[in-house]
Every structure is written in structure tokens, then in C-alpha cells.
Amino acid sequence: MAEHKAVISWQRTSPDFLKGKYSREHTWTFDGGLTVPASPSPSVVPAPWSNPANVDPEEAFVAAISSCHMLTFLYLAAKQGFQVDSYHDEAIGVTTKNERGVPWGSAVTLHPKLVYGGEKTPTPAEVERLHHLSHEQCFIANSIKTEVVVGE
């Protein structure tokens with residue numbers, strides 16, 4: 001068993017909190033000491049009450065899924081003897097409304113582009129199998145109900 005910690009901090013900076021006129025900018029601090037500026041998505045809370053330059057929870061959710069998939073893929077590829085020289089993913093998350101009208105992250109599509117080196121290069125079928133196994137073994141994917149798809 002492992003624990004993972006994040007400290008989320010926000011401070012009121014204006015007198016109009018009760019009127020809804022307040023910044024939602026905040027920070028995420030992780031156990032390694034990194035602090036990340038965060039904000040709601042401007043599609044959820046418009047500026048000036050959000051900051052599009054900061055990471056929003058929806059982006060972080062997509063990044064966590066993509067990162068976990070990549071790390072699992074790299075591990076499995078190495079075990080199979082495939083040398084991965086680079087991995088680049090432009091993952092896209094989609095938010096829709098559920099049957100109660102509440103928005104949720106309904107799908108994430110991964111678009112991994114890999115470059116292989118070394119003497120042993122995987123076939124397309126082997127790459128597909130590695131992605132399938134990566135999805136099965138990624139603990140983030142196993143923790144969510146969002147559909148995760150590997151696209152092209």
C-alpha cells in the first residue's frame with residue numbers, strides 16, 4: 001500500500017467572496033516540494049476569476065491518465081526487449097453531462113507517438129498489445145470510470 005499526498009491551498013484576496021467575485025487561483029504542493037499554480041478551467045469559471053495560464057483539475061486528470069499509461073507502457077516495452085527512444089502524447093479529455101446533468105470527464109483519448117531504437121522493433125500488433133496491457137495495468141485507469149482510448 002502507498003499513500004500519495006497533495007496540499008491544496010487557496011486564500012481569499014477580495015472582499016466580494018459572498019457575491020461570487022473572487023479569484024479561484026490556488027496552488028498544489030506535492031511531497032517532493034514542487035508547487036504548481038492551479039485554477040479552474042476558464043470554460044467552467046470565466047476570467048478574471050480563473051487563470052488560463054494555470055493548470056486546471058481537468059487538465060491534470062488527463063495528464064495523470066496519459067502519464068500513467070506512458071510509464072506502464074515504457075516498463076512493459078523494456079521487459080519485452082523493445083527500446084523506446086521517445087514517447088509523445090497529445091491526450092484529449094472530453095467533458096459531457098451525465099443523466100443528472102452534472103459534467104464529468106467521460107472520455108480521454110491518448111495519441112501516443114513513439115520512436116524505437118535498438119535492434120528489436122515491435123510490430124503493429126505488438127504495439128497494440130502493449131497499449132492494451134498498459135491500460136489494464138495502469139492504476140489510474142483502474143481507478144476511474146472514464147473511458148480511455150488509444151487513438152492514432
Side-chain angles (χ1 to χ4, degrees), residues 1-10 23-152:
M1 183 197 259
E3 285 188 346
H4 307 280
K5 183 178 179 182
V7 176
I8 312 307
S9 298
W10 173 86
S23 173
R24 274 74 165 182
E25 290 186 61
H26 56 284
T27 60
W28 300 342
T29 302
F30 299 95
D31 58 3
L34 177 67
T35 296
V36 176
S39 173
S41 169
S43 68
V44 177
V45 177
W49 317 122
S50 65
N51 184 340
N54 294 3
V55 176
D56 64 61
E58 296 85 354
E59 292 170 327
F61 181 69
V62 172
I65 293 168
S66 175
S67 182
C68 186
H69 184 91
M70 178 199 69
L71 292 168
T72 307
F73 186 97
L74 295 175
Y75 169 78
L76 294 172
K79 282 185 63 170
Q80 297 284 317
F82 301 119
Q83 178 179 304
V84 178
D85 287 344
S86 67
Y87 185 113
H88 178 83
D89 184 12
E90 294 187 23
I92 299 172
V94 176
T95 301
T96 59
K97 291 187 178 181
N98 67 14
E99 62 280 352
R100 296 183 325 258
V102 177
W104 72 293
S106 57
V108 172
T109 302
L110 308 178
H111 298 96
K113 304 288 184 241
L114 291 102
V115 175
Y116 298 93
E119 298 177 15
K120 186 178 176 187
T121 302
T123 66
E126 289 170 319
V127 171
E128 185 177 331
R129 174 122 175 94
L130 284 168
H131 281 299
H132 178 76
L133 290 172
S134 298
H135 180 71
E136 283 186 346
Q137 295 179 29
C138 167
F139 66 89
I140 301 268
N142 280 292
S143 302
I144 60 173
K145 66 179 184 176
T146 302
E147 177 186 21
V148 179
V149 177
V150 177
E152 299 210 10

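Bear in mind the structure is a predicted one, so any value in this text is a computation, not a measurement. The first residue of the sequence shown is numbered 1, and numbering continues consecutively from there.
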- [ ] Kindly indicate, with the supporting measurements, whether the criterion side chain to side chain contact (heavy atoms under 4.5 Å, CB included) is fulfilled by Gln137 and Leu76.
- [x] CA-CA 10 Å; Gln137 295 179 29; Leu76 294 172; 3.7 Å; yes
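One finds the CG atom of Leu133 at 10.0 Å from the NZ atom of Lys79 (value rounded to the nearest 0.5 Å). The distance from the CG atom of Leu114 to the CE atom of Met70 is 10.0 Å, given to the nearest 0.5 Å.
Sorted by first then second residue, the side-chain hydrogen bond (donor to acceptor under 3.5 Å, both in side chains) pairs that include residues 114-124, not counting sequence neighbours, are Thr123-Glu126. Sorted by first and then second residue, the disulfide (SG to SG under 2.5 Å) pairs with a member in residues 73-130 form an empty list; sequence neighbours excluded. For residues 53-152, the pairs satisfying disulfide (SG to SG under 2.5 Å) are Cys68-Cys138, with sequence neighbours left out. Pairs engaging residues 71-124 under the disulfide (SG to SG under 2.5 Å) rule: none recorded [sequence neighbours left out]. Among residues at least two apart or in separate chains, there is no disulfide (SG to SG under 2.5 Å) pair with a member in residues 75-107. Counting only residues at least two apart or in different chains, ring-ring contact (aromatic ring centres under 6.0 Å, His included) contacts with residues 131-152 comprise His69-His131, Phe73-His131.
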Could you list the donor-acceptor pairs under 3.5 angstrom formed between side-chain atoms of residues 31-53 and any protein atom two or more places apart in sequence or on another chain?
residue, atom, partner, partner atom, Å
Thr35, OG1, Thr29, OG1, 3.0
Ser39, OG, Asn51, N, 2.7
Ser41, OG, Ser43, N, 3.2
Ser41, OG, Ser43, OG, 2.8
Ser50, OG, Val45, O, 2.5
Asn51, OD1, Ala53, N, 2.9
Asn51, ND2, Glu25, OE1, 3.3

May I have the list of side-chain donor-acceptor pairs in residues 57-65 shorter than 3.5 Å, sequence neighbours left out?
residue, atom, partner, partner atom, Å
Glu59, OE1, Asp56, N, 3.0

Result block: side-chain N/O donor-acceptor pairs under 3.5 angstrom for residues 106-113, not counting sequence neighbours:
residue, atom, partner, partner atom, Å
Ser106, OG, Val94, O, 3.4
Ser106, OG, Thr96, OG1, 3.0
His111, ND1, Glu90, O, 2.9

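Residues meeting the side-chain hydrogen bond (donor to acceptor under 3.5 Å, both in side chains) test with Asn142, sequence neighbours left out: none. In this structure Gln83 satisfies the side-chain hydrogen bond (donor to acceptor under 3.5 Å, both in side chains) test together with Asp85, sequence neighbours excluded. Applying the side-chain hydrogen bond (donor to acceptor under 3.5 Å, both in side chains) rule to Ser134 yields no partners; only residues at least two apart in sequence or on another chain are considered.
Using cut-offs of 30° and 60° for the angle between ring planes, the Phe30 and Trp28 rings count as perpendicular.
Of the possible donor and acceptor atoms, none in the side chain of Trp104 sits under 3.5 Å from a partner among the backbone N and O of Thr146.
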